[in-house]
Asks: 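Sharing a structure below in structure tokens format, with a few things to ask.
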2 protein chains.
Amino acid sequence: MNIRHIAERAGVSVATVSRVLNHPEHVAPKTREKIERIMREAEYTPNWFARGLNFNKTGTIGLMIPHILNSVHMEIAKGVDDVAHQKECIALMCNVENDREKERRYLQWLMKRRVDGIIFISSSLGKRDFEQVQEQGIPIVLIGAYRDNDNFHVVSVDYRQAAMKAVNHLLGNGYRKIAFLYGETPQVENEQKVEGYKQAIRDAGLSLSEDFLKRVENTIEGGYLGAKKLMELAQPPKAIFTSSDYLAFGAMDALKDKNLKIPEDVAIIGFDNVRMSNLVEPKLTTVEIPLHKMGVYGARLLFDRIEEENSPYPGAILLQPKLKIRKSSGHKERIGEMF
Amino acid sequence: MNIRHIAERAGVSVATVSRVLNHPEHVAPKTREKIERIMREAEYTPNWFARGLNFNKTGTIGLMIPHILNSVHMEIAKGVDDVAHQKECIALMCNVENDREKERRYLQWLMKRRVDGIIFISSSLGKRDFEQVQEQGIPIVLIGAYRDNDNFHVVSVDYRQAAMKAVNHLLGNGYRKIAFLYGETPQVENEQKVEGYKQAIRDAGLSLSEDFLKRVENTIEGGYLGAKKLMELAQPPKAIFTSSDYLAFGAMDALKDKNLKIPEDVAIIGFDNVRMSNLVEPKLTTVEIPLHKMGVYGARLLFDRIEEENSPYPGAILLQPKLKIRKSSGHKERIGEMF
DNA sequence: ATGAAAGCGCTAACAG
DNA sequence: CTGTTAGCGCTTTCAT
């Protein structure tokens, strides 16, 4: 069932049928209605490929997601999807699974399909990959932290500052032996957090201990194992700052298994402020990141570039996070009065 | 950069170039290598639309997801994605947001793009919608519970049995005043759970109280509000069974706010066994659903149908859930010895 | 083993 | 307002 069948049945040319599809206003109302009726009766739907062959606009953007089971990434994705949907565009979500090769393969797919643009969330790809995409004329936007991003459009958060805020809060509550338990992914984000942690420790005139910097898989399990190791140190920490709430959940579980009270024996601060951080026992102090907003801003940036021929200058949107103070980080002496 | 450019540079016809793309074995090794080299140098990628115009296979399947922020659905989606990826096929994840109209719009999109098949997760669409898709020659698979699914391929769980198991466990622990707090979505699944709940209560010779059947939004907030209402009853329940772990988390929060101990004052059982159910305090007894497996089975079913011309007979795969017994459901007198 | 040519279904000049 | 026609980039007979 193609455009010619419709044309024949309606006794018009294919051009006219094509017109009711694309510029209905240029067709006489009577002919148009007749053609529309016939289309409906025949359950005709235009062939997407033939269409794309002429248009070269696909109404699709690619969205690279590090891991679809991590709600942190999905919150961002939702922001992107919201904007895309509003633009009557479909966001092709690609589950990259923190695997550079898988991401590259997806990228090839997307480029072949000539998507109108691509958004990367905490991608592990590099400058070279991104440039290649842009050279094909496909605009991109990066969300998260990237090492070498001067020439790209990026939406990010000041992860360094964020980490400093968290550590300073612990310092302010009187803690001195503070460990940082961080995930292998997302890599660059976490490197920036490490920097912030180190800076805050140094600024307080304390000495850095490599033992207190523990790198683990960014999962609940990773948090569990990491915290366990930390507490088995000869000089265990009195507070643990983690690079994600999931790590914090795992860490809390480990502490409970060791019969340590939070925050009386060990304080904890997480990162991201996922919904559950408010429901664990005790409620988790954490760094709040505007995840949904990041997705929205990123998508807007991308659509601006897709729609305007002369895309705006590359540049970064840098958002500031906020510390969400709850019970898990409370000073042991003041805890009674604080909560 | 198209196939003709390559042909010219290589001094061959477009047909030969096309052949190295599709049937390389029918091209003389020397010519083939030359052409391949030129393609690489020119960074040529075949136009996807032109290709699809001839093939009519897109290497894409649609995946309808009720809500991408709900990890229950994403676990299933991950199962689908795993299989799709293995089949070198892309799964287009559509974030339906429990909105029938949004889902229909996505469906139109997918059909226009001639995806090779579509998988629906707990869809709110009906028999008519599904039939329309199949009439277009696009095979579909349903995951979850559906009202009128005899003519479709579906992967489901015995939700009725599952609910009975949970309620029976509570009955076995001595509870008599058991409420069921269930979500508005996914609708059919939860209706089946309601049935199971009622059946188990009746089988125990107890009388059903409408007050104990509370329907709320399927979110943590919904669970909080629902549990609060239940506990404000003149005769509040001594145990609450919820249709999802998220509802259970909200309910637990409400109980804590009322200074009620779990399970000493009120027992709780959730549904789904999401990762966090093992990390809340107390650990949550819940019904374990093989989410990932459901996705995998659904995808396999779909690809079988896509690949075989004569698709297998419609039929259902019905999986049995298991009760995961943890602390939140313990009998108050026996709790000491049980955990 | 390779080439010429006829489409695949649709859009957009151009002409009337 | 409508029809004619030339592509869009690729695949695939059918010859050679």
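Throughout, protein chains are lettered first and strands after them, A, B, ... in sequence-line order, and every chain is numbered starting at 1.
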Asks: Touch check for B:V17, heavy atoms < 4.0 angstrom, all strands: base, sugar-phosphate only, or nothing?
Replies: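 Since no nucleic acid heavy atom lies under 4.0 Å of B:V17, the category is nothing.
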Asks: Given C:dG3, C:dG9, D:dC10, identify the nucleotide with an atom nearest to the side chain of A:I3.
Replies: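 It is C:dG9.
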Asks: On DNA chain C, does the nearest nucleotide to B:E25 precede the nearest nucleotide to A:A50 from the 5' side, or the other way round? Give the residue.
Replies: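 The residue whose closest nucleotide sits nearer the 5' end is B:E25.
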Asks: Measure from CD on A:E8 to P on D:dT4 and round the result to the nearest Å.
Replies: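 In whole Å, D:dT4 P lies 12 Å from A:E8 CD.
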Asks: Rounded off to whole Å, could you give me the CZ-to-C1' distance for the A:R113 and D:dG9 pair?
Replies: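 So the two atoms are 16 Å apart, to the nearest Å.
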Asks: Let's see if you can work this out: which of C:dC10, D:dC14, D:dT4 has an atom nearest to the side-chain heavy atoms of B:R19?
Replies: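 For the B:R19 side chain, the nearest candidate turns out to be D:dC14.
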Asks: Look at all strands and tell whether A:S18 reaches a base, only sugar-phosphate, or nothing, counting heavy atoms closer than 4.0 Å.
Replies: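 Since a base atom lies under 4.0 Å of A:S18, the category is base.
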Asks: Hey, does A:A28 reach any base, or is it just sugar-phosphate, or nothing, if we go heavy atoms under 4.0 Å?
Replies: sugar-phosphate
Asks: Starting at atom CZ of B:F49, determine the distance to atom C1' of D:dC10, rounded to an integer number of angstrom.
Replies: 14 Å
Asks: Are B:R113 and A:N47 close enough that a side-chain donor and a side-chain acceptor fall under 3.5 Å?
Replies: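 Side-chain D/A pair, B:R113 to A:N47: absent.
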Asks: When the distance from CG of A:N2 to P of C:dT11 is rounded to whole Å, what number comes out?
Replies: 12 Å
Asks: Show the numbers, then the answer: is there a salt bridge (charged side-chain N to carboxylate O under 4.0 Å, His left out) between A:K78 and A:D82?
Replies: CA-CA 6 Å; A:K78 170 99 168 62; A:D82 286 347; 2.9 Å; yes
Asks: Give me the ring orientation class for A:F152 and A:F130: parallel if the planes are under 30° apart, tilted from 30 to 60°, perpendicular past 60°.
Replies: perpendicular
Asks: Assign A:H5 to base, sugar-phosphate, or nothing according to its heavy-atom contacts below 4.0 angstrom with the strands shown.
Replies: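 Touches nothing.
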Asks: Identify which nucleotide among C:dG3, C:dG9, D:dC10 has an atom closest to any side-chain atom of B:S13, counting heavy atoms from C-beta outward.
Replies: C:dG3
Asks: Return no unless some side-chain N or O of A:N54 is found under 4.0 Å from OP1 or OP2 of C:dT11.
Replies: no
Asks: Distance only, no hydrogens: is a donor on one side chain within 3.5 Å (strictly under) of an acceptor on the other, for A:Q187 and A:R147?
Replies: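 A pair is found: one side chain offers a donor N or O, the other an acceptor, under 3.5 Å apart.
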Asks: Which residue in the set B:R100, B:R105, B:R104 passes salt bridge (charged side-chain N to carboxylate O under 4.0 Å, His left out) when paired with B:D129?
Replies: B:R104
Asks: Can you list, by residue number, the residues of residues 29-36 of chain A that have a non-hydrogen atom closer than 4.0 angstrom to DNA chain C?
Replies: none
Asks: Between C:dA12, C:dT11, C:dC8, spot the one nearest the side chain of A:H23, thanks.
Replies: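 That would be C:dA12.
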Asks: Answer yes or no: is there an ion pair linking A:E41 with A:R9, defined by an N-O contact shorter than 4.0 Å?
Replies: no
Asks: Hey, do the aromatic rings of B:Y106 and A:H85 have their centres closer than 6.0 Å?
Replies: yes
Asks: Looking only at the side chain of A:V27 (C-beta and beyond, no hydrogens), which of the listed nucleotides D:dT2, C:dG9, D:dG9 gets closest?
Replies: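 My answer, after comparing the listed nucleotides, is D:dT2.
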Asks: Find the distance A:N47:CG to D:dC10:P and express it as a whole number of Å.
Replies: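 Rounding to the nearest Å, CG of A:N47 and P of D:dC10 are 16 Å apart.
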Asks: So if I take every side-chain heavy atom of B:V14 and compare against C:dC8, D:dT11, D:dC8, which nucleotide ends up nearest?
Replies: D:dT11
Asks: B:R4 CZ to C:dA4 P: how many Å, rounded?
Replies: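 One finds 13 Å between P of C:dA4 and CZ of B:R4, rounded.
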